[in-house]
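Have a look at the structure below before the remarks.
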Amino acid sequence: MANRTLANLSTAQAKLLGAYQAKELRFRNPVTYLAFILSSNIMFPNYSELRLREDRAINTNYKVRSSRALGTGGRIHNHSGVKGDTAVLTPSWSSYDDKFKISLKQADNSLYSLDEQLASELQEITSNFAEGLETIATAYIFAQRSGVNIATAEGAFDAVDDAFEITESTNGDRAIQISKSVMHVNKYSDSNLVAFCDTVAYNKFLFQAAQGAQNSTNLSFQFNGVTYIHSVELGALGAGLVSAYAKGFWIMAEMGTFGVLPWIPKQNRQGVSTKVNMFDSIINPIDNQIYAVHSYETLATDAAANGSAQDVVTQYEVSIDIALEKAPLTTANETVFQAFALV
């Protein structure tokens, strides 16, 4: 292609990586979304090979827990039982994209080369994806918080807001210890946990974790086995509930029970180029995922945008399909994400 070639995109990609390594861009690190990426391969290995195209569904079978009380009648000759069962989880992908354009002659009288300008556009794209996917991931864990919580000790589950409430004045310093016990009561591990925290909760837990053994107020024991994620946008979501939580709101899950499945079409993975368009891909240095790039050229008069009266404009679209998923549970309204709040 006359305007942009595979080599041009590769050069811009190298500049993009260098810019992020130099920390020249300012954006909010998508820590909530990155936590999903960590356990993706654990949940669905080889999913990218199974999903051949956007309209192909993948059905994943899993075993349903058969919970029964133990019998006390003793051994009998004519005992009879029931069979176990399975269920199906079908991941649901959503496509997200961002677009920009560049003209062939826009760098002719500029301090910046066309490669540098393309790299700058890609920097904006990757930053937009970082913040956009962080918002999406945060909204997902909030919307998917469990409506079932059987714990009752040192707090109470609010079935309206779907959050286990802990009284700050009496147990605020032990909130994480209580949260781990609540997770254990609900049959999760009390280690290898992730706590997605709003800013207030994150600040409190960070302060409490800093109280070491040499401190007269030693609170550090309760932080073992928990990774704390500063999910900034969780604060506004918690404040919007009926109880309007403002003293600290967080959502806990066991690592490996949730994940994200990024996907792009095979033409982008293969780098297919035709006479009318190009399918390519780039690596986003923020999340290290591969994003699809589609581009095509049009003849244009682009003088108003620092181009020329006789110019060629290349339109770019960067996209990725993601499926945010959690381990399936058969109990109605129960999920792996347990919400907590200080009241």
Side-chain angles (χ1 to χ4, degrees), residues 1 3-22 24-41 44 46-56 58 91-102 114-140 259-274 277-297 314-325:
M1 302 177 72
N3 191 1
R4 291 287 87 191
T5 66
L6 293 175
N8 294 138
L9 192 59
S10 297
T11 301
Q13 170 78 79
K15 292 179 181 294
L16 176 67
L17 292 170
Y20 278 110
Q21 291 168 0
E24 293 177 358
L25 300 180
R26 184 170 180 262
F27 61 91
R28 183 177 296 152
N29 196 23
V31 289
T32 307
Y33 178 65
L34 293 177
F36 274 79
I37 292 176
L38 286 177
S39 58
S40 297
N41 291 330
F44 297 100
N46 302 322
Y47 71 89
S48 59
E49 287 79 12
L50 296 175
R51 193 192 189 214
L52 301 178
R53 207 171 63 178
E54 291 92 331
D55 55 357
R56 177 184 172 91
I58 298 177
S92 177
W93 275 269
S94 296
S95 297
Y96 299 97
D97 63 80
D98 199 3
K99 307 174 185 69
F100 67 93
K101 67 177 182 179
I102 280 184
L114 208 54
D115 284 332
E116 290 174 324
Q117 292 184 32
L118 177 56
S120 178
E121 296 287 359
L122 289 174
Q123 288 170 11
E124 295 297 335
I125 289 280
T126 52
S127 297
N128 290 342
F129 269 105
E131 294 191 338
L133 293 177
E134 176 71 2
T135 296
I136 292 165
T138 303
Y140 177 82
V260 60
L261 311 179
W263 185 87
I264 64 173
K266 69 176 183 179
Q267 287 80 7
N268 295 94
R269 283 177 265 147
Q270 294 170 351
V272 175
S273 181
T274 72
N277 68 174
M278 183 175 73
F279 297 89
D280 204 355
S281 63
I282 61 168
I283 297 175
N284 187 333
I286 301 172
D287 59 19
N288 289 319
Q289 299 302 301
I290 299 175
Y291 285 63
V293 180
H294 179 259
S295 61
Y296 65 92
E297 295 178 347
T314 304
Q315 297 284 353
Y316 288 91
E317 178 192 71
V318 180
S319 64
I320 192 170
D321 292 5
I322 66 167
L324 294 169
E325 298 294 340

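These figures come from a predicted structure and were not determined experimentally.
Residue Ser319 comes nearest to Asp97 through the heavy atom pair CB-CB, 3.9 Å, listed as atom of the first residue, atom of the second, then distance. In terms of heavy atoms, Glu121 sits closest to Lys101 at OE2-O, 4.3 Å. Summarising the geometry of Ala130 relative to Ile286, their closest heavy-atom pair is CB-CD1, 3.7 Å, with the distance given to 0.1 Å. Minimum interatomic distance between Pro262 and Tyr33 (heavy atoms only, all atoms of both residues): CG-OH, 4.4 Å. Among all heavy-atom pairs drawn from Lys99 and Ile125, the shortest one is N-CD1, 3.9 Å. The two residues Leu324 and Ala137 come nearest to each other via the heavy atoms CD1-CA, 3.9 Å.
In this structure, Glu325 contributes its side chain and Ser92 its backbone to a donor-acceptor pair below 3.5 Å. At least one donor-acceptor pair closer than 3.5 Å links the side chain of Thr126 to the backbone N or O of Gln123. Remark: side-chain polar atoms of Trp93 are paired, donor with acceptor, to backbone N or O of Leu261 under 3.5 angstrom. A donor-acceptor pair under 3.5 Å links the side-chain atoms of Gln289 to the main chain of Asp287, judged by distance alone.
How far CD1 of Ile320 is from CG of Asp98: 13.0 Å, rounded to the nearest 0.5 Å.
For the pair Lys266/Arg269, a side-chain contact is recorded, criterion being any heavy-atom separation below 4.5 Å from C-beta on. Between Thr138 and Glu134 the shortest side-chain heavy-atom distance falls below 4.5 Å.
Scored by the ring pair (Phe, Tyr, Trp, His ring centres under 6.0 Å) test, Tyr291 finds Phe129 as partners (sequence neighbours excluded). When the ring pair (Phe, Tyr, Trp, His ring centres under 6.0 Å) test is applied to Phe100, the partners found at least two apart in sequence or on another chain are Tyr316.
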His294 and Asn268: CA distance, side-chain angles, deciding distance, side-chain hydrogen bond (donor to acceptor under 3.5 Å, both in side chains) verdict: CA-CA 8 Å; His294 179 259; Asn268 295 94; over 6 Å; no
